[in-house]
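From a predicted model like this one, the values you see are computed outputs, not experimental measurements. Each residue takes its place number in the sequence, starting with 1.
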Amino acid sequence: MRIVSLVPSVTESLLAWGVRPVAVTRFCERPELPQVGGTKNPDVRAIVELAPDLVVMNEEENRREDAEALRASGVAVHVVRVGSVHDVEPAMEELAVLVGGPRVVRVELGASRPARLRAFVPIWRRPWMTIGRDSYGASVIRHLGVGNVFDDRDRYPEVSLDEVAERAPDVVLAPSEPYPFGERHRGELEALAPVLFVDGRDLFWWGTRTADALARLERQLRGFAGPTR
């Protein structure tokens, strides 16, 4: 099949299954593959010219108008919907059927851990943004026994650092994407709580990486010394 993937998680999973897309986005971190723009601004004309059998999109990462434009051009589109860790296996099973992936897809999540920490998870800076209760990232940390201090907000709210401080998180889980938080931000973030830098792909990408991502994050959290104040 000629498949175009406009979702980084899907691109990773397809390649793990031995299915090579004919094009991907620049955010898929696969420079060896042809690129057709970004997740939010794909080159629809270029995609149509590739004559794909299927374009794979995601309701959160991609835009409805691009899906509609592709369908209007006669291109088949499949939209993957993953809102929590428990959606991953059925979503991957459905995708595998469509693209000729493995006949059986299993995503071993393991048991949920009891809550032991409350975290602030920044995903952007200027303005500061975080994850709310309905996001995949929130479901990941919840599964690992980490509460979200902004679990009373929808998906990706803007917040102020004063609001964060008022909620007194035990830890700041600072991901490497979508905003590249790193050591240069440690001082700013440690004013809120002890900081643990994590791979943003493990926190926000789902698919074939999910089980191993949960295990990696669990190991990091297990080694976290906890708040000192």
If only atom types and distance count, is the side chain of Asn62 paired as donor or acceptor with the main-chain N or O of Leu6 below 3.5 Å? yes
Using a strict cut-off of less than 4.0 Å between a Lys/Arg side-chain nitrogen and an Asp/Glu carboxylate oxygen, indicate whether Glu60 and Arg81 qualify as a salt bridge. no
Decide side-chain contact (heavy atoms from CB on, under 4.5 Å) for Phe204 and Val140; before the verdict, give the C-alpha distance in whole Å, the side-chain angles of both, and the deciding distance to 0.1 Å. CA-CA 8 Å; Phe204 302 122; Val140 167; over 6 Å; no
Heavy-atom distance under 4.5 Å between the side chains of Val24 and Pro34, does that happen here? no
Is there a continuous path of hydrophobic side-chain contacts, each under 4.5 Å between heavy atoms, that joins Val164 to Tyr156? yes
Applying side-chain contact (heavy atoms from CB on, under 4.5 Å), run through Ile3 and Val19 and close with a yes or a no. CA-CA 9 Å; Ile3 301 168; Val19 178; 3.6 Å; yes
Answer yes if Val56 and Leu70 sit in the same cluster of Ile, Leu, Val, Met, Phe, Trp and Tyr residues linked by side chain heavy atoms under 4.5 Å apart, and no otherwise. no
Under a 4.5 Å side-chain heavy-atom rule over Ile, Leu, Val, Met, Phe, Trp and Tyr, are Ile131 and Val146 clustered together? yes
Assigning hydrophobic clusters by single linkage (Ile, Leu, Val, Met, Phe, Trp, Tyr; side-chain heavy-atom cutoff under 4.5 Å), is Leu14 placed with Leu33? no
Any chance you could lay out the side-chain contact (heavy atoms from CB on, under 4.5 Å) test for Met57 and Val80, step after step, and finish with the verdict? CA-CA 6 Å; Met57 304 181 74; Val80 181; over 6 Å; no
Using modelled atom types and a 3.5 Å cut-off, is there a donor and acceptor pairing between side-chain atoms of His185 and backbone atoms of Gly182? yes
Please determine whether side-chain contact (heavy atoms from CB on, under 4.5 Å) holds for the pair Val7 and Thr39, giving the CA-CA distance in whole Å, both sets of side-chain angles, and the decisive distance to 0.1 Å. CA-CA 7 Å; Val7 191; Thr39 53; over 6 Å; no
Donor-acceptor contact below 3.5 Å, side chain Lys40 vs main chain Glu61: yes
Test side chain to side chain contact (heavy atoms under 4.5 Å, CB included) applied to Ala46 - qualifying residues, sequence neighbours left out: Val36, Asp43
Side chain to side chain contact (heavy atoms under 4.5 Å, CB included) partners for Ser13, two or more places apart: Met92, Thr208
For Glu163, all residues meeting salt bridge (charged side-chain N to carboxylate O under 4.0 Å, His left out), sequence neighbours excluded: Arg153
I'd like to check the side chain to side chain contact (heavy atoms under 4.5 Å, CB included) partners of Glu158; sequence neighbours left out, ordered by chain and number. Pro127, Met129
Please check if the side chain of Arg167 supplies one atom and the backbone of Val149 the other of a donor-acceptor pair under 3.5 Å. yes
When you measure from the side chain of Asn148 to the backbone of Ala138, do you find a donor-acceptor pair of N or O atoms at a distance under 3.5 Å? no
Roughly how far, to the nearest 0.5 Å, is the CD atom of Glu183 from the CG atom of Leu189? 10.0 Å
Which residue pairs pass the ring-ring contact (aromatic ring centres under 6.0 Å, His included) test with at least one member in residues 67-125, sequence neighbours excluded? Trp124-Tyr179
Partners of Glu108 by salt bridge (charged side-chain N to carboxylate O under 4.0 Å, His left out), sequence neighbours excluded? none
Qualifying salt bridge (charged side-chain N to carboxylate O under 4.0 Å, His left out) pairs with a residue from residues 7-27, counting only residues at least two apart or across chains: Glu12-Arg209
Tell me, which pairs form a salt bridge (charged side-chain N to carboxylate O under 4.0 Å, His left out) where one or both residues lie in residues 97-106, sequence neighbours left out? Glu89-Arg106, Glu93-Arg106
Do the non-hydrogen side-chain atoms of Phe150 and Val159 ever get within less than 4.5 Å of each other? yes
I'd like to know if the side chain of Ser176 and the backbone of Gly200 have a donor-acceptor N/O pair within less than 3.5 Å. yes
Report yes if the side chains of Leu221 and Leu144 come closer than 4.5 Å at any heavy-atom pair, otherwise no. yes
same_hphob_cluster(Val171, Leu161) at 4.5 Å side-chain heavy-atom cutoff: yes
I'd like to know if the side chain of Thr210 reaches the main chain of Trp206, judged simply by a donor and an acceptor atom lying under 3.5 Å from each other, with no hydrogens or angles considered. no
Quick one: does Thr11's side chain get under 4.5 Å of Leu15's, heavy atoms only? yes
Does any pair with a residue in residues 128-142 pass salt bridge (charged side-chain N to carboxylate O under 4.0 Å, His left out), and if so which ones, sequence neighbours excluded? Arg133-Asp154, Arg142-Asp151
Is the backbone of Tyr136 close enough, under 3.5 Å, to the side chain of Ser84 for a donor and an acceptor to pair up by distance? no
Using atom types as modelled and distance alone, determine if a side-chain donor or acceptor of Asp53 lies under 3.5 Å from a backbone N or O of Met1. no
Distance check, rounded to the nearest 0.5 Å: Leu217 atom CG versus Leu196 atom CG? 8.5 Å
Quick check for you: to the nearest 0.5 Å, what is the distance between Ser135 atom OG and Arg155 atom CZ? 8.0 Å
With sequence neighbours left out, write down each residue that passes salt bridge (charged side-chain N to carboxylate O under 4.0 Å, His left out) with Arg113, or none if nothing qualifies. Glu218
Any Ile141 side-chain heavy atom under 4.5 Å of Leu203 side chain: yes
Could you tell me which residues satisfy side chain to side chain contact (heavy atoms under 4.5 Å, CB included) with Glu68, sequence neighbours excluded, listed by chain and number? Arg64
Can you name the nearest heavy-atom pair linking Cys28 to Ser5, along with the distance? SG-O, 4.3 Å
For the pair Ser73 (side chain) and Val75 (backbone), establish whether a donor and an acceptor sit closer than 3.5 Å, ignoring hydrogens and angles. no
Go through the structure and list residues passing salt bridge (charged side-chain N to carboxylate O under 4.0 Å, His left out) with Glu29, not counting sequence neighbours. Arg201
